[in-house]
Every structure is written in C-alpha cells, then in structure tokens.
J.: 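Before I ask anything, let me first share the structure, which is written out below as structure tokens.
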Amino acid sequence: MPVGPAKRVTALSGEGAFEVLVAARRLEEAGRDVVHLEIGEPDGATPPHVVEAAVRALHDGQTRYVNPAGLPVLRDAIAASLAWRGVRAAAENVVVVPGAKPMLFYALLAVLEAGDEVLVPDPGFPIYPSVVRFAGAVPVRYPLDALGGLDAGRLAPLIGPRTRALVLNLPGNPTGGIATTDAPHAIAELALHHDLVVISDEVYGRIRYDGRADSIAALPGMLERTIIVDSFSKSYAMTGWRLGFGVLPAALVERVTTLVVNGTSCTPPFVQLAGLAALTGPQDAVTAAVARLERRRDWLVDGLNGLPGIRCPRPVGAFYAYPDVRQVEERAGLSSRQLAALLLDAHGVAVLPGTDFGPGGAGHLRLSFAVSPADLDLALERIRECVSDLAVASLTDGGIHVGS
C-alpha cells in the first residue's frame with residue numbers, strides 16, 4: 001500500500017498568495033509580463049544597518065545553537081519595544097521564533113483541546129482556521145464590519161460553552177481594517193467574562209495611517225490572557241529573514257518553548273542580532289516606508305474607485321486594498337476566484353480572490369499596494385481593460401465563461 005498522509009495533516013490548508021505567486025511565475029517563465037499584487041511583502045530593501053548587523057554577527061561566529069526562547073538581549077529589546085502600544089511586558093514572557101506563523105502554530109497548540117471552538121475573523125488570514133483544525137479544534141468565523149474592521153456586536157452572539165479562544169488581527173489582512181472605537185474594551189469584557197484566550201496578531205501594527213498604535217493586551221486584565229504574535233517581516237522589510245516572536249502569559253512560556261525545542265531548536269542567532277539592530281537602531285526607514293505606502297494606498301484606491309462597478313474603502317492599516325467587485329462579477333457572471341483568474345491569465349495582473357480569506361470575502365479581491373508606483377499604474381490600466389472587456393462581453397453574449 002502506498003504511503004499516504006495522516007488525517008491530521010489533511011486538516012491543514014495552504015495559502016492562496018503562494019499558489020497565485022507560483023501560477024504567476026509560470027506565466028513569466030513562458031514569456032508573459034505579470035504585475036504582482038498578490039504577495040504580502042514590502043518592495044523595499046531591509047535597512048542597511050540591519051543587514052550589516054547580521055553580517056557582523058556571522059563574522060563574529062554567531063552561528064551556533066542558542067537559548068530556544070531567544071537571545072536575552074533581543075527578548076529584553078522586544079519587551080521594551082512594546083511600550084509604544086501601551087503594553088508593559090517582561091522579557092521572560094517573550095519567546096523568539098522563525099517568523100509569526102510558527103508562533104501562531106505554537107500558541108494555538110498550547111491552549112486548545114480537541115473540540116474547543118476558536119473565533120476567527122471572516123475574511124481573515126487563512127492560516128488561522130487551518131491551524132485551529134490541525135489542533136483538533138473547530139474554527140468559528142465571525143464577520144467584520146462594512147469597512148473590514150472589528151465590531152464586538154458581531155462577535156458576541158457566536159460565543160458558546162465550547163469557545164476557548166479568540167483570534168484578533170488588527171490592522172487586518174485582507175481588509176486593512178481596525179477596530180471601532182469601543183470594540184477593544186467591549187471585546188476585553190467578553191474575554192474576561194467568558195474566560196477566553198486572545199491570540200492578537202499584530203504583524204501590521206506599525207503600518208497604520210491614522211497615527212495610532214494599540215493592543216488589546218494593554219487593557220486592564222488582558223495581558224494575562226493575551227498572546228501577542230508579531231514579526232519583523234512587514235515593518236522592517238524582513239520577510240525572508242524569518243524572525244518573529246510571541247508575548248505570552250507566564251504559564252505558557254515553558255510549554256511554548258518546549259514546542260520550539262521540538263520544532264526548530266532555536267532561531268539563528270545572527271538573524272536575532274539583525275532583529276536587535278532593527279528594534280534599537282534608527283527607525284527612519286519604517287517611518288518613510290509607512291509614508292510611502294500611504295501615498296500608494298491613496299493612488300490605488302482612487303484609481304479603483306474611478307472604475308465602473310468597483311468600490312474600494314480606504315484601509316487604515318496594512319498594505320492591501322480590498323475592493324468590492326460584486327457589480328463587475330454580477331454583470332459578467334463570474335465568481336471572485338474566476339475574476340482573479342481572468343485578471344492573471346488574460347491581463348497579467350496577479351491578485352487574490354476574497355474567498356481565499358473565507359466565505360465572507362466573496363465579491364472582493366485583495367491587492368497589495370506594497371509595490372512600485374509604476375506597477376500600480378500598469379495594474380490599474382490592465383484592470384481597467386479587464387472591466388471594459390467584461391462590460392462589452394456582457395452586452396453581446398450575456399457574460400464571460402471561464403474555468404472555476
């Protein structure tokens with residue numbers, strides 16, 4: 001009998017961004033030109049002082065095993081850096097890992113029992129429900145508000161006797177939305193009342209365009225029941241470095257560190273020292289990147305809103321536009337997945353269908369604006385051509401028919 005995967009592994013699902021990236025690369029290998037708006041990473045380079053710190057660490061021999069929980073000097077710096085969000089954490093509550101995803105994995109494995117329910121955003125990062133299922137628990141999707149933000153009133157009715165945890169992502173992927181003004185306090189009250197663990201994914205926390213910075217862990221009584229998940233990838237253009245961390249309640253630190261030992265042993269020390277340089281060195285690159293992203297956001301959102309049948313809110317954080325394309329789809333008889341496939345195959349624009357982020361993403365696309373202005377201009381031109389072609393086709397033959 002051939003070897004097959006265990007049932008628990010089949011509970012995991014992939015991530016649409018990488019699937020579309022692979023498809024786009026195939027087109028490019030065949031000679032096609034593709035504008036990449038599918039993958040969620042900054043287009044800028046890692047700040048030079050960060051790269052230099054890593055090179056220096058390599059030359060200094062920082063290439064051996066280290067404390068599985070992270071270098072003490074980096075854990076100290078991470079704890080201190082949380083003050084800008086209003087969080088007062090101790091270094092011993094910090095665990096360093098190779099990226100935010102491992103910490104999501106370890107955190108959920110550490111707190112969930114089989115049959116537990118976990119509230120996850122819809123639309124939301126697809127890894128949340130994937131890991132919840134892998135842990136033997138049940139993802140329960142909660143809807144976001146009309147702007148893709150967090151509204152406690154939509155979440156409260158879904159809490160039941162088996163609800164164990166709540167996943168927050170602010171600013172959110174794919175919407176760039178944040179919480180309504182009183183939502184964090186209302187959600188903190190729900191978490192305290194129902195004894196919920198909160199997994200707060202804050203990887204886009206420094207990429208906000210309203211000048212604010214916050215964390216639910218800063219609210220009274222919440223640091224003890226919140227696991228903050230964060231990384232260096234988005235803020236410091238370090239996606240390929242694979243450096244993230246968790247800030248955990250004291251009772252979870254040892255168990256999560258044991259998961260690190262079993263999974264990766266430790267995070268490479270030269271990478272950790274690069275992260276230390278990022279946190280403690282000049283922050284001009286981050287400030288400049290956010291200002292640059294804000295200009296690109298406005299350019300893309302204004303361009304999309306100038307197209308017939310497309311309506312796009314202005315995201316408050318992250319670097320994604322999340323246009324409502326339901327009118328375009330209805331006229332052409334297409335789903336979001338079919339429209340995204342048409343944009344890639346026929347027009348050379350790689351985007352993600354909203355349904356890659358859950359059923360609540362139907363009728364939407366996700367477009368990254370962390371690309372060059374020239375690429376945004378070209379993408380808008382090609383999307384305009386696609387919308388125009390679909391409008392003509394819908395008048396002549398009642399719609400376009402493409403593969404699912």
Side-chain angles (χ1 to χ4, degrees), residues 46-107 109-111 199-203 205-206 213 215 217-218 222-283 285-286:
T46 303
H49 71 280
V50 176
V51 177
E52 289 162 9
V55 173
R56 188 164 55 251
L58 284 167
H59 284 303
D60 289 345
Q62 296 289 342
T63 57
R64 297 181 177 274
Y65 290 130
V66 293
N67 185 335
L71 295 174
V73 66
L74 179 59
R75 296 170 76 191
D76 281 336
I78 289 170
S81 76
L82 298 173
W84 67 271
R85 307 178 212 190
V87 176
R88 300 287 184 266
E92 52 264 32
N93 295 101
V94 176
V95 176
V96 179
V97 287
K101 279 181 182 174
M103 183 49 66
L104 284 171
F105 230 106
Y106 298 153
L109 287 174
V111 300
I199 315 293
S200 184
D201 182 349
E202 301 181 9
V203 298
R206 293 196 63 178
S215 171
M222 289 306 295
L223 186 59
E224 297 80 10
R225 65 176 56 251
T226 300
I227 299 172
I228 296 174
V229 178
D230 205 343
S231 87
F232 291 74
S233 294
K234 314 298 183 181
S235 300
Y236 296 101
M238 294 178 69
T239 53
W241 293 75
R242 308 316 302 141
L243 183 61
F245 61 88
V247 182
L248 305 139
L252 294 178
V253 172
E254 182 183 351
R255 290 294 87 196
V256 168
T257 302
T258 302
L259 284 167
V260 174
V261 171
N262 279 264
T264 57
S265 296
C266 62
T267 302
F270 59 90
V271 173
Q272 294 192 55
L273 291 169
L276 178 66
L279 279 183
T280 60
Q283 301 300 300
V286 180

J.: Does any part of the side chain of T264, heavy atoms only, come nearer than 4.5 Å to the side chain of P102, both counted from C-beta?
T.: no
J.: Using a 3.5 Å distance criterion without hydrogens, assess whether the side chain of S200 forms a donor-acceptor pair with backbone atoms of I228.
T.: no
J.: Mind checking the CZ-CD spacing from F245 to Q272? Nearest 0.5 Å is all I need.
T.: 12.0 Å
J.: Indicate the atoms forming the closest heavy-atom contact of R75 with N67, along with that distance.
T.: NH1-ND2, 4.0 Å
J.: Does the side chain of V95 reach to within under 4.5 Å of the side chain of M103, using non-hydrogen atoms?
T.: yes
J.: Are any of the side-chain heavy atoms of I227 and P249 separated by less than 4.5 Å?
T.: yes
J.: Check side chain to side chain donor-acceptor pair (under 3.5 Å) between T267 and all other residues, then give those that pass, not counting sequence neighbours.
T.: none
J.: Just so I know, are the side chains of V286 and Y236 near enough to count as touching, which here means a heavy-atom distance under 4.5 Å?
T.: yes
J.: Which residues pass the side chain to side chain donor-acceptor pair (under 3.5 Å) test with T258, sequence neighbours left out?
T.: R255
J.: Between C266 and P68, what is the shortest heavy-atom contact and its length?
T.: CB-CA, 4.1 Å
J.: My understanding is that only residues two or more places apart in sequence, or in another chain, count here; which of them pass ring pair (Phe, Tyr, Trp, His ring centres under 6.0 Å) with F105?
T.: F134
J.: Is there a side-chain contact between V260 and V97, using heavy atoms and a 4.5 Å cut-off?
T.: yes
J.: Specify the closest pair of heavy atoms between G263 and Y106, including all atoms of both residues, with the distance to one decimal.
T.: CA-OH, 3.8 Å
J.: Closest approach of A79 and A89, non-hydrogen atoms and distance?
T.: CB-O, 3.5 Å
J.: With rounding to the nearest 0.5 Å, note down the distance linking CD1 in I199 to CZ in R225.
T.: 12.0 Å
J.: Please check if the number of heavy atoms outside E254 that lie under 6.0 Å from its CD is greater than 12.
T.: no
J.: Mind listing the closest non-hydrogen atom pair of A274 and W241 along with its distance?
T.: CB-CZ3, 3.6 Å
J.: Using side-chain heavy atoms (C-beta onward) and a distance below 4.5 Å, is S233 in contact with R242?
T.: yes
J.: How close do S215 and E202 get, heavy atom to heavy atom, and via which atoms?
T.: OG-OE2, 2.6 Å
J.: Can you tell if the side chain of D230 reaches within under 4.5 Å of the side chain of V203, non-hydrogen atoms only?
T.: yes
J.: Decide yes or no for L279 and L74: does some side-chain heavy atom of the first lie under 4.5 Å from some side-chain heavy atom of the second?
T.: yes
J.: Take L71 and L276 through the test side-chain contact (heavy atoms from CB on, under 4.5 Å) and record every step on the way to the result.
T.: CA-CA 10 Å; L71 295 174; L276 178 66; over 6 Å; no
